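Contents: one structure, followed by commentary.
Residue numbers run from 1 in the order of the sequence given. Predicted model, so just to flag it, every value in this text is computed and none were measured.
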Amino acid sequence: MLDPIEFIQNASSITKKSMNRLKLKTNPFSEKPIRGNTKFFVGRTTELMEIADILGAAQYGSVANAAIVGTKGIGKSSLLNVIYYAAKRQNHWTVELEASQITPRQFLIQLMYGIIRDNIFTMDGTLSTDYLEHSQKIIDIYRRLDSYSDKTPVHYPREKIERDLDYLLNNVKEDSKLCIILIDEADQFARKGCLRLLQFFHSFLYEDGILAFFAGSPTLMENLTKVSPAMRDRLPKIINMPPLSKEESYDLILRRLKDAQIPKAKGYEPFTENAVDVIVEECDGIPRKIIMTCSEAISIGLKKGLTDIDEDIVKMAMKKLGISVGHQILNHLTPAQSKIVKALASFGGKSTVTELAKVLNNSPGTVGTHLSDIYEMGYIYKERSGNNVYYTLSKELNEVLINNDDEDD
């Protein structure tokens, strides 16, 4: 009869031996946030210079709120985290928020709670001596916020929340300090239901001493201004995050490996040079994809009891994760465009507008407009045959949608 405790102990021991066989003490490829540890932060010199200029100007009254934009996994959250700790070292009030609570009332509660918890209370949970003269008022506000959520008591209406926030910013915060608000996943604000919240930002982001960074997709500003055109003026700075260069991608992998390798390991071990080349080439400078690929390849190596990880193991990892040019294209398409290319695949990768419109139960005009957009992006091709125009999938989409073999064991 199997003893479950003994089984876990034996399995853990085997994993440790397998890790040592790969010349690693631990798997260094974690997606956890940097949280102030910058030894794995690679590149971004241009973006850091832009942020430094914005912070420097804001301290002297020239505030310009900014949007940090880039594709998924490009490192926006990591950059926000760097801003957080840099601002903390300068003793500014700093709050990290996610656009998950999207009503004005919820957002104000989340913001105020973050200000008090992260900037006014000390690490041991007591009020900082810098704010003792305001202690009674701060404690009263904190008690109202302590169970913050959509269920906040009705005796704490939005008007009072706004007055309390105004008190913290204009009476408690020193004039020499900024209140820096870092908002991740800000695309969630780009919906009509958030219009009131965006209208709140119209005035709030012009307050003295407030500096905000919104992080989101490449189309963040376009999406926000569709809902509220005034947001363009409130976020005048746009910081674009391009993919890492090949040199930076190699550096990212090497830095993480050096942190976890056993003393006798060299170079990119346990990865072969060819394996690293494949990772850098296929992941297109997207940090999250590089990290996920390396982590998955190590996991496969552990399960197989390998001593090194070659390009075949890396390709196996990529296939399992769906990391390929074709998958990247699918992630880039809108939901409507994605449906169209999948319908195109159902015809074997080649079809006319009329055929696609029938299967999608949509008008030929709408389908044709989407196809033109996808064609302009270079993701599909078109050719004329007699009176018909046929659209065909690119090689990359064809491999993902049609020639997608079963995963290797």
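A tilted orientation is assigned to the rings of Tyr142 and Phe121, their planes being inclined by 30° to 60°.
Side-chain atoms of Arg234 come within 3.5 Å of backbone atoms of His202 as a donor-acceptor pair (strictly under, hydrogens ignored). With hydrogens and angles disregarded, a donor-acceptor distance shorter than 3.5 Å links the side chain of Ser135 to the backbone of Leu132. A donor-acceptor pair under 3.5 Å is formed between the side chain of Thr334 and the backbone N or O of Gln337. Asp124 places a side-chain N or O within 3.5 Å of a backbone atom of Thr126 that can act as its donor or acceptor partner. With Ser346 contributing its side chain and Ala343 its backbone, the two residues share a donor-acceptor pair below 3.5 Å. Under a 3.5 Å cut-off, the side chain of Ser228 and the backbone N or O of Leu224 do not form any donor-acceptor pair. A distance-only check finds no donor-acceptor pair linking the side chain of Asp312 to the backbone of Lys315 [under 3.5 Å]. Judged by distance alone, the side chain of Glu296 and the main-chain N or O of Lys319 form no donor-acceptor pair under 3.5 Å. Judged purely by atom type and a 3.5 angstrom limit, Thr225 uses its side chain to pair as donor or acceptor with the backbone of Met221.
Using a 4.5 Å heavy-atom cutoff, the side chains of Leu168 and Tyr131 are not in contact. The shortest distance between side-chain heavy atoms of Leu79 and Phe41 falls below 4.5 Å. Residues Val353 and Tyr391 meet the side-chain proximity criterion, which asks for heavy atoms closer than 4.5 Å. Side-chain atoms of Ile68 and Met241, non-hydrogen and from C-beta on, do get closer than 4.5 Å to each other. For the pair Tyr268 and Ile279, the minimum side-chain heavy-atom distance is 4.5 Å or more. No side-chain heavy atom of Tyr84 sits under 4.5 Å from any side-chain heavy atom of His92. Two residues are said to be in side-chain contact when any heavy atoms from C-beta on lie closer than 4.5 Å; Leu252 and Phe40 fail this criterion. You'll find the side chain of Leu333 reaches within 4.5 Å of the side chain of Leu330, heavy atoms only.
Listed by first and then second residue, the side-chain hydrogen bond (donor to acceptor under 3.5 Å, both in side chains) pairs involving residues 50-72 amount to none (not counting sequence neighbours). Among pairs with a residue in residues 207-228, those fulfilling salt bridge (charged side-chain N to carboxylate O under 4.0 Å, His left out) read Glu222-Lys226, at least two apart in sequence or across chains. Sorted by first then second residue, the ring-ring contact (aromatic ring centres under 6.0 Å, His included) pairs that include residues 208-248, not counting sequence neighbours, are Phe201-Phe214.
Atoms CD and CZ, from Glu47 and Arg44 in turn, are 5.0 Å apart once rounded to the nearest 0.5 Å. Residue Thr26 holds its OG1 atom at 11.0 Å from CZ of Arg256, rounded to the nearest 0.5 Å. Rounded to the nearest 0.5 angstrom, Asn20 CG and Thr307 OG1 are separated by 13.0 Å. Here CD1 of Ile290 is found 5.5 Å from SG of Cys283. Values are rounded to the nearest 0.5 Å. Gln261 CD to Leu254 CG: the interatomic distance, rounded to the nearest 0.5 Å, is 7.5 Å. From His134, atom NE2 reaches atom OG of Ser128 across 11.5 Å, with rounding to the nearest 0.5 Å.
Using a 4.0 Å cut-off between charged side-chain N and carboxylate O, Asp140 and Arg144 make no salt bridge. Ion pairing between Glu174 and Lys177 holds under the 4.0 Å rule for side-chain N and carboxylate O.
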(message) Using side-chain contact (heavy atoms from CB on, under 4.5 Å), reason through Ile51 and Val82 one step at a time and then give a plain yes or no.
(response) CA-CA 10 Å; Ile51 289 163; Val82 168; over 6 Å; no
(message) Test side-chain contact (heavy atoms from CB on, under 4.5 Å) on Ile210 and Val63; report intermediate values, then the result.
(response) CA-CA 8 Å; Ile210 301 287; Val63 175; over 6 Å; no
(message) Working note: Arg255 + Asp259, criterion salt bridge (charged side-chain N to carboxylate O under 4.0 Å, His left out); need CA distance, chi angles, decisive distance, verdict.
(response) CA-CA 6 Å; Arg255 282 196 202 187; Asp259 192 62; over 6 Å; no
(message) Determine whether Ile120 and Trp93 satisfy the following criterion, side-chain contact (heavy atoms from CB on, under 4.5 Å), listing intermediate values before the conclusion.
(response) CA-CA 8 Å; Ile120 297 177; Trp93 280 9; 3.8 Å; yes
(message) For Asp164 and Lys160: C-alpha separation, side-chain torsions, deciding distance, then whether side-chain contact (heavy atoms from CB on, under 4.5 Å) applies.
(response) CA-CA 6 Å; Asp164 286 344; Lys160 185 163 183 56; 4.0 Å; yes
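Residue Ile54 comes nearest to Ala66 through the heavy atom pair CD1-CB, 3.8 Å, listed as atom of the first residue, atom of the second, then distance. Between Ile309 and Ala297, the shortest heavy-atom contact is CD1-O, 3.7 Å. When every heavy atom of Ile286 is checked against every heavy atom of Gly73, the shortest pair comes out as CG2-O, 3.4 Å. Among all heavy-atom pairs drawn from Lys76 and Ala215, the shortest one is CB-CB, 4.2 Å. Across all their heavy atoms, Val42 and Asp251 have their closest contact at CG1-OD2, 4.0 Å. In terms of heavy atoms, Pro28 sits closest to Ala260 at CB-CB, 3.6 Å.
With sequence neighbours left out, the side-chain contact (heavy atoms from CB on, under 4.5 Å) criterion links Glu159 to Pro157, Arg163. Residues that satisfy the salt bridge (Lys or Arg N to Asp or Glu O under 4.0 Å) test with Lys350, not counting sequence neighbours, are Glu383. Listed by chain and residue number, Leu344, Phe347, Glu355, Leu356 satisfy the side-chain contact (heavy atoms from CB on, under 4.5 Å) test with Ser351 (two or more places apart in sequence, or in another chain).
A side-chain contact (heavy atoms from CB on, under 4.5 Å) with Ile83 is found for exactly one of Leu182, Leu48, Leu211, namely Leu182. Checked options Asp118, Thr94, Asn119; the residue passing with Lys88 is Asn119 (criterion: side-chain hydrogen bond (donor to acceptor under 3.5 Å, both in side chains)).
Atom CG of Asn171 sits in a crowded spot, with more than 12 heavy atoms from other residues, nucleotides or ligands closer than 6.0 Å. Lys258 NZ: more than 12 foreign heavy atoms inside a 6.0 Å radius. Atom CD of Glu273 has 12 or fewer neighbouring heavy atoms from other residues, nucleotides or ligands inside a 6.0 Å radius.
Donor-acceptor pairing under 3.5 Å is lacking for the side chains of Asp308 and Thr272. Between the side chains of Thr219 and Ser217, at least one donor-acceptor pair of N or O atoms lies under 3.5 Å.
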